[in-house]
Amino acid sequence: MQLYKNILVTMDCSPVDDRILEHVAQLALQNRSKVFLLHVVHSHTLDEHRALTRNADILLAQGCQKLVDQGIDAEVVQRSGEPDEQILEEIQNGDYDLVAMATHGHSTLGQILFGSISKTLKQKISIPLLLLGPE
């Protein structure tokens, strides 16, 4: 039985992405899942948007290739805007069975200052959410 047909992995183009990709790769191989790597470019100026998009293009392509090299069907989805809004929109418009993301393990103060996308997702989505904490 294929438990997870389509897995959406939210990526922030930081070192925590490697941990979630390793974990999701195992799930994808076990379930013969397709993996979608989602990154939302959140910028305030055109120059910042261009730089962040270029960086994300490179890192997402590398992550996607790692999955493909393991025999996993994978593709990149890139959006621009507010991360929580764009991730929710992608989940609502996609056909995903699981959302996976790594968390940074912010302290309570950090969560107050920076917000928490994982908290938003826990409250607003109806499909399973896999959260992988920091090492």
Legend entry - Min side-chain heavy-atom separation Leu131-Met101 under 4.5 Å: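 Yes. Closest side-chain heavy atoms under 4.5 Å.
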Legend entry - Heavy-atom check, side chain of Arg54 versus side chain of Ile58, under 4.5 Å: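 No, every pair of side-chain atoms sits at 4.5 Å or beyond.
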Taking side chain to side chain contact (heavy atoms under 4.5 Å, CB included) as the definition, give me every residue that meets it alongside [X], ordered by chain and number, with sequence neighbours left out.
X	result
Val41	His39, Ser43, His49, Leu52, Thr53, Gln78, Ser80
Glu22	none
Asn6	Lys34, Phe36, Asp95, Tyr96, Asp97

Legend entry - Side-chain cluster (under 4.5 Å, hydrophobic types only) that Leu46 belongs to, other residues: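 Listed partners: none, Leu46 stands alone.
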Inset, instruction - Could you walk me through whether Leu60 and Met11 pass side-chain contact (heavy atoms from CB on, under 4.5 Å), step by step? - result: CA-CA 8 Å; Leu60 291 168; Met11 299 181 61; 3.9 Å; yes
Give the minimum heavy-atom separation between [X] and [Y], together with the two atoms involved.
X	Y	value
Leu37	Cys64	CD1-N, 3.4 Å
Leu21	Gly63	CD1-CA, 3.8 Å
Ser33	Ile72	O-CG2, 3.9 Å
Pro83	Val40	CA-CG1, 3.7 Å

Inset, instruction - Answer yes if Leu29 and Val9 sit in the same cluster of Ile, Leu, Val, Met, Phe, Trp and Tyr residues linked by side chain heavy atoms under 4.5 Å apart, and no otherwise. - result: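 Yes, Leu29 and Val9 fall within the same hydrophobic cluster.
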Rounded to the nearest 0.5 Å, what separates atom [atom1] in [X] from atom [atom2] in [Y]?
X	Y	atom1	atom2	value
Ile7	Asn31	CD1	CG	6.5 Å
Leu88	Gln123	CG	CD	10.5 Å
Leu27	Leu3	CG	CG	8.5 Å
Ile91	Ile125	CD1	CD1	4.5 Å
Thr10	Leu38	OG1	CG	7.0 Å

Inset, instruction - Could you give me the CA-CA distance, side-chain angles and deciding distance for Asp73 and Val35, then say whether side-chain contact (heavy atoms from CB on, under 4.5 Å) is met? - result: CA-CA 6 Å; Asp73 189 7; Val35 177; over 6 Å; no
Legend entry - Qualifying residue for side-chain contact (heavy atoms from CB on, under 4.5 Å) with Leu121, from Ile127, Asp84, Leu129: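 It is Leu129; the other options fail the test.
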Inset, instruction - Would you sort out whether Leu98 and Leu130 count as a side-chain contact (heavy atoms from CB on, under 4.5 Å), showing the intermediate values? - result: CA-CA 7 Å; Leu98 175 70; Leu130 171 66; 4.1 Å; yes
Legend entry - Side-chain ion pair, Asp69 and Lys66, N-O less than 4.0 Å: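 Salt bridge between Asp69 and Lys66, a charged N being under 4.0 Å from a carboxylate O: no.
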Inset, instruction - Before giving the answer on side-chain contact (heavy atoms from CB on, under 4.5 Å), spell out for Leu59 and Asp17 the whole-Å C-alpha distance, their side-chain angles and the decisive distance to 0.1 Å. - result: CA-CA 10 Å; Leu59 294 173; Asp17 290 344; 6.0 Å; no
Legend entry - Listed partners of Gln70 passing side chain to side chain donor-acceptor pair (under 3.5 Å), at least two apart: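 Applying side chain to side chain donor-acceptor pair (under 3.5 Å) to Gln70 gives none.
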Inset, instruction - List in chain and number order the residues that pass side chain to side chain donor-acceptor pair (under 3.5 Å) with Arg79, two or more places apart in sequence or in another chain; answer none if no residue qualifies. - result: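 Scan of Arg79 (side chain to side chain donor-acceptor pair (under 3.5 Å), adjacent residues dropped) gives Gln86, Glu89, Glu90.
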Inset, instruction - List the steps, then state whether side-chain hydrogen bond (donor to acceptor under 3.5 Å, both in side chains) holds for Thr45 with Asp47. - result: CA-CA 5 Å; Thr45 67; Asp47 287 339; 5.7 Å; no
